[in-house]
Amino acid sequence: MNHPKRVVFFWLTLRNYTFPVIMATTDFKKMILEGIPGTLPAPKPYDPTLNHAPKRKDILSPEEKRLAIRNALRYFPVHFHRILADEFARELYSTGRIYMYRFRPDYEIKARHIDDFPHNSRHAAAIMMMISNNLDIAVAQHPHELITYGGNGSVFQNWAQYRLAMKYLAEMTDEQTLAVYSGHPMGLFPSQKDAPRLVVTNGMVIPNYSSHDHWERFNALGVSQYGQMTAGSYMYIGPQGIVHGTTITILNACRKLQSKNKNGELRLFVSSGLGGMSGAQPKAAVIAGVISVIAEVNPKATETRFSQGWVDEVITDMDKLIKRVNVARKENRVVSIAYQGNIVDIWEQFARNNIRIDIGSDQTSLHNPWAGGYYPAGISFEESAKLISSDPERFKVLVRESLKRQVKAINIHCERGTYFFDYGNAFLLEASRAGADILDSKGNFKYPSYVEDIMGPMCFDFGFGPFRWVCCSNDPADLEITDKIAAETLIGILKNSPQEIKQQLSDNIHWIQEAARNRLVVGSQARILYADSEGRIAIAKAFNSAIKNGIISAPVVIGRDHHDVSGTDSPYRETSNIRDGSKFTADMAVQNVIGDSFRGATWVSLHNGGGVGWGEVINGGFGMVLDGSEEAEKKLNLMLHWDVNNGIARRSWASNSGAIFTLEREMKRTPGLNVTMPYIADDKLIEEALRQL
Ligand SMILES: NC(=O)c1ccc[n+]([C@@H]2O[C@H](COP(=O)([O-])OP(=O)(O)OC[C@H]3O[C@@H](n4cnc5c(N)ncnc54)[C@H](O)[C@@H]3O)[C@@H](O)[C@H]2O)c1
């Protein structure tokens, strides 16, 4: 395939001077193929303009610190060790981790045309494009610490791992598979063409060693990492990925409130967080047609979302905020407002001032409560950031007090009619652990999770989940074509669809038709679209034939968030509406990854932690490269079918009515599908059986 001669732009730092450099792609390719460089690169200055990970807890014993440095030095020839041992010791003491900052490459890391990456396997080049997007400074939350989102969602643990992984991918053939253990590229192993090119595991530990402190210790030692869901699996597509899910959630939350709607008055949605995923809330609220107020303590996060146009207004003063909300209500005009401050203050002050909140949630990173995921009320953002490492016990006390205050105020609003739901960030779990008044008389949470109430019964049980794709040409024109193809495909499916899924299909058709206008792309040319098994397969097939016919100019990667029908076992989130007692098992997520791997995935990943914290969830995902070939069509049919229907089978076995409906329909039209269906017992009968004892 012919491509115009491309150039690569990057910043080079020499003796503390940084200047722009333009280079040919051949030089860029050489730098990737270099892997760990033969001569020590110059140390990198700290870039204060970027968002950096907070200093982590000082958890290692002196002996373990020695081990962490010894572990880090394994990546480098012995003649580098004198300089690097000193430097890594300083990094460990100043950040709590060894990121190996000096080895961050000088070229700009971002998604680009797959043929700009050196490769022997085009599928491996697609993976390099996806990794590069996850570390793009316009996309990643803490790019220099290799963290994409969620405060600790790592792509790699350090820059040596990045360099080695890129080199392996550049060199590998379609007869090899790369094994990555929590960011560490273990190496290339002989394999076969139909096998995945890459298998990733993140944070897989022996179950008894899965507490938050275990993560701190193993990560500081450099032997494990928290991959979140799409960070360590290279499937992040910027905040767009979450805008769609959040729009669906807010839309359906409004539908649940329909009976209370008075005179077409706009709803008010209040939540917190303008970070990686949470930053989608104001944009989604506008698309869903509600007024929103989102609190954010970190001024850099607020500024990022405001400058990207994801939030309309920023207000730092509580009185002004209350006045502004009253005006928006009076004018009945959709607006999204960022409150630069703590969410606890909004809940308390709005209660005091009788501001009615219709829908409420929280998206602080409570899956990571002690290391910067949640900033307590009453002290400044800067003071909190210091306390995390200087006095972790005091910080814990403040977080617990803050959560208790927050819940107390939320309870007041809910008594007045607010519909509050947990947004999958472990808010209810951590609030209950903090001793907040969040449990009912039976010991259950007072409020539902968004999956329990909305996502589970309305989407996942019917197979609808966050399908996504990325154009490997990195060309917006290709994305436009894929949007059109996807919309036409879903419109075709809607005509003959059963009543039960018409609303879902219509919402998603509307979404994809408006997607370009909503300017959602940050980073790679990617799109998300909730679809069921039938929709995902039909769209992927249509893409594959458009690639074959040259209508789309280069391959397309398809994948999904792990937060899906089958990808995630998480008892307080994705599987919170599984009520047969199996929600603390993780067979579904593990089966899913294994099943995807031999049905044609280009890469698969299995993670401990993601969303709600280490030890609280097992999840997995895949990436598949569509290259217009016949093999790709065969693989997409087989793999996407399993990838969705595995979870529906589990949900149906748990007796969820939507899933039973979906599976019965699926079995009628899919030869070879024969799933064990449940007989539903009469509760009265069970009561009688127990009474006779
Ligand atoms: N959006 C979704 O659909 C979705 C789905 C599942 C889970 N989640 C969960 O939501 C959480 C947030 O994800 P993220 O990627 O945005 O994380 P993030 O860490 O990038 O953002 C969280 C933001 O909350 C801010 N914050 C912390 N404490 C605060 C406080 N008391 N008041 C105001 N702001 C505060 C932080 O400064 C940060 O910017 C995670 O736990 C994630 O797993 C979101």
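Counting starts at 1 for both ligands and their atoms, in listed order. When reading the values below, keep in mind they use all heavy atoms of this one structure, side chains included, and skip hydrogens, waters and symmetry mates.
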*Asks:* If only atom types and distance count, is the side chain of Asn202 paired as donor or acceptor with the main-chain N or O of Gly232 below 3.5 Å?
*Replies:*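 Present.
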*Asks:* Closer than 4.0 Å to some heavy atom of Gly150 - which atoms of ligand 1 meet that?
*Replies:*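 The atoms of ligand 1 under 4.0 Å from a heavy atom of Gly150 are 15 (O), 17 (O), 19 (O), 20 (O).
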*Asks:* Classify the ring geometry of His52 against Tyr46: parallel below 30°, tilted from 30° to 60°, perpendicular beyond 60°.
*Replies:*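 Ring orientation of His52 relative to Tyr46: parallel.
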*Asks:* Run the numbers for me: atoms of ligand 1, each under 4.0 Å from some heavy atom of Gly373, listed by number.
*Replies:*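 Listed by number with element, the hits are 27 (C), 28 (N).
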*Asks:* Closer than 4.0 Å to some heavy atom of Ile343 - which atoms of ligand 1 meet that?
*Replies:*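 Going through ligand 1 atom by atom, the ones under 4.0 Å from Ile343 are 30 (C), 31 (N), 32 (N), 33 (C).
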*Asks:* Indicate yes or no: does an N/O atom of Ala301 lie under 3.5 Å from an N/O atom of ligand 1?
*Replies:*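 Ala301 vs ligand 1: no N/O contact under 3.5 Å.
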*Asks:* Any atoms of ligand 1 less than 4.0 Å from a non-hydrogen atom of His367? List them with their elements.
*Replies:*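 Near His367, the atoms of ligand 1 are 40 (C), 41 (O), 43 (O).
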*Asks:* Any sub-3.5 Å donor-acceptor pair from Asp453's side-chain atoms to Ser449's backbone N or O?
*Replies:*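 It does not hold such a pair.
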*Asks:* For Arg651, which residues count as a salt bridge (charged side-chain N to carboxylate O under 4.0 Å, His left out) partner, sequence neighbours excluded?
*Replies:*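 In terms of salt bridge (charged side-chain N to carboxylate O under 4.0 Å, His left out), with neighbours along the sequence ignored, Arg651 is linked to Asp461.
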*Asks:* Out of Arg573, Met277, Lys300, Glu296, who gets a non-hydrogen atom closest to atom 25 (C) of ligand 1?
*Replies:*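 Going through Arg573, Met277, Lys300, Glu296 one by one, Glu296 has the nearest heavy atom to atom 25 (C) of ligand 1.
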*Asks:* Checking the side chain of Trp370 only, and the main-chain atoms of His212 only, is there a donor and an acceptor separated by less than 3.5 Å?
*Replies:*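 Answer holds: no.
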*Asks:* Okay, side chain of Ser182, backbone of Gly203: is any donor-acceptor separation there less than 3.5 Å?
*Replies:*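 Yes; judged by distance alone, with no hydrogens or angles, the pair exists.
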*Asks:* With a cut-off of 4.0 Å, which atoms of ligand 1 are near a heavy atom of Gly341?
*Replies:*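 Listed by number with element, the hits are 33 (C).
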*Asks:* If hydrogens are left out, which of Tyr374, Tyr375, Tyr236 has an atom nearest to atom 31 (N) of ligand 1, that is, the closest non-hydrogen atom?
*Replies:*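 Checking each option, the heavy atom nearest atom 31 (N) of ligand 1 is found in Tyr375.
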*Asks:* With no hydrogens and no angle check, is any side-chain donor or acceptor of Ser365 less than 3.5 Å from a backbone partner on His367?
*Replies:*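 It does not hold such a pair.
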*Asks:* Nearest protein heavy atom to atom 20 (O) of ligand 1, by residue and atom, and its distance?
*Replies:*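 Sorting protein heavy atoms by distance from atom 20 (O) of ligand 1 puts Gly276 N, 2.8 Å first.
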*Asks:* Quick check on His563 - does any of its heavy atoms sit under 4.0 Å from an atom of ligand 1?
*Replies:*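 Not so, His563 does not reach ligand 1.
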*Asks:* Are any of the N or O atoms of Gly279 closer than 3.5 Å to those of ligand 1?
*Replies:*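 N/O-N/O distance below 3.5 Å does not exist for this pair.
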*Asks:* Atom 11 (C) of ligand 1: which of Ile248, Ile346, Thr364, Val243 has the nearest heavy atom?
*Replies:*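 The option holding the nearest heavy atom is Thr364.
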*Asks:* Provide the number and element of each atom of ligand 1 under 4.0 Å from a heavy atom of Gln141.
*Replies:*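 That gives atoms 18 (P), 19 (O), 20 (O) of ligand 1.
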*Asks:* Does Phe381 approach ligand 1 within less than 4.0 angstrom via side chain, backbone, both or neither, non-hydrogen atoms only?
*Replies:*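 No part of Phe381 is near ligand 1 at this cut-off.
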*Asks:* Between Ile242 and ligand 1, find which residue part has any heavy-atom pair under 4.0 Å and reply side chain, backbone, both or neither.
*Replies:*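 Answer for Ile242: side chain.
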*Asks:* Return the option from Tyr149, Phe427, Tyr423 holding the heavy atom at the smallest distance from atom 3 (O) of ligand 1.
*Replies:*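 Looking at heavy atoms only, Tyr423 sits closest to atom 3 (O) of ligand 1.
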*Asks:* Which one of Gly613, Pro369, Pro299, Ser365 has a non-hydrogen atom at the shortest distance from atom 18 (P) of ligand 1?
*Replies:*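 Going through Gly613, Pro369, Pro299, Ser365 one by one, Ser365 has the nearest heavy atom to atom 18 (P) of ligand 1.
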*Asks:* Output the list of atoms in ligand 1 that are nearer than 4.0 Å to some heavy atom of Gly273, sorted by atom number.
*Replies:*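 Selected atoms, number and element: 23 (C), 24 (O).
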*Asks:* Any nitrogen or oxygen of Tyr450 lying under 3.5 Å from a nitrogen or oxygen in ligand 1? Just yes or no.
*Replies:*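 Among all N and O atoms of Tyr450, none is under 3.5 Å from an N or O of ligand 1.
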*Asks:* Can a non-hydrogen atom of Gln281 be found less than 4.0 Å from any atom of ligand 1?
*Replies:*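 No, Gln281 has no heavy atoms under 4.0 Å from ligand 1.
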*Asks:* Could you tell me whether a side-chain N or O of Ser154 sits under 3.5 Å from a main-chain N or O of Ile147, the two making a donor and an acceptor?
*Replies:*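 Not confirmed, Ser154 side chain does not pair with Ile147 backbone.
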*Asks:* Report yes or no: does Asn342 contribute a side-chain atom to a donor-acceptor pair with the main-chain N or O of Pro376 at less than 3.5 Å?
*Replies:*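 The answer is yes, because a donor-acceptor pair under 3.5 Å joins these two groups.
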*Asks:* Sequence neighbours excluded, which residues qualify as salt bridge (charged side-chain N to carboxylate O under 4.0 Å, His left out) partners of Arg394?
*Replies:*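 Per chain and number, Arg394 pairs via salt bridge (charged side-chain N to carboxylate O under 4.0 Å, His left out) with no residue.
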*Asks:* Please check if the side chain of His562 supplies one atom and the backbone of Thr230 the other of a donor-acceptor pair under 3.5 Å.
*Replies:*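 No; judged by distance alone, with no hydrogens or angles, the pair does not exist.
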*Asks:* Can you sort out which atoms of ligand 1 are near Ala295, meaning under 4.0 Å from one of its heavy atoms?
*Replies:*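 Listed by number with element: 33 (C), 34 (N).
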*Asks:* Which protein heavy atom lies closest to atom 34 (N) of ligand 1, and at what distance to 0.1 Å?
*Replies:*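 Residue, atom and distance for the closest contact: Val297 N, 3.3 Å.
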*Asks:* What protein heavy atom sits nearest atom 44 (C) of ligand 1, and how far away is it?
*Replies:*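 Protein heavy atom with the smallest distance to atom 44 (C) of ligand 1: Gln363 OE1, 3.1 Å.
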*Asks:* On the ring face of Trp469, is Arg527 found with NZ or CZ under 6.0 Å from the centre and within 45° of the axis?
*Replies:*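 Geometry flag: not set, cation outside 6.0 Å or 45°.
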*Asks:* So does Gly245 get a backbone contact from the side chain of Thr249, meaning a donor-acceptor N/O pair under 3.5 Å?
*Replies:*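 Looks like yes, one N/O pair under 3.5 Å.
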*Asks:* Check whether any side-chain N or O of Lys283 sits under 3.5 Å from a backbone N or O of Asn518 as a donor-acceptor pair, and report yes or no.
*Replies:*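 Side chain of Lys283 to backbone of Asn518: a pair is present.
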*Asks:* Hey, is ligand 1 close enough to Asn342 that some N/O pair sits below 3.5 Å?
*Replies:*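 N/O-N/O distance below 3.5 Å exists for this pair.
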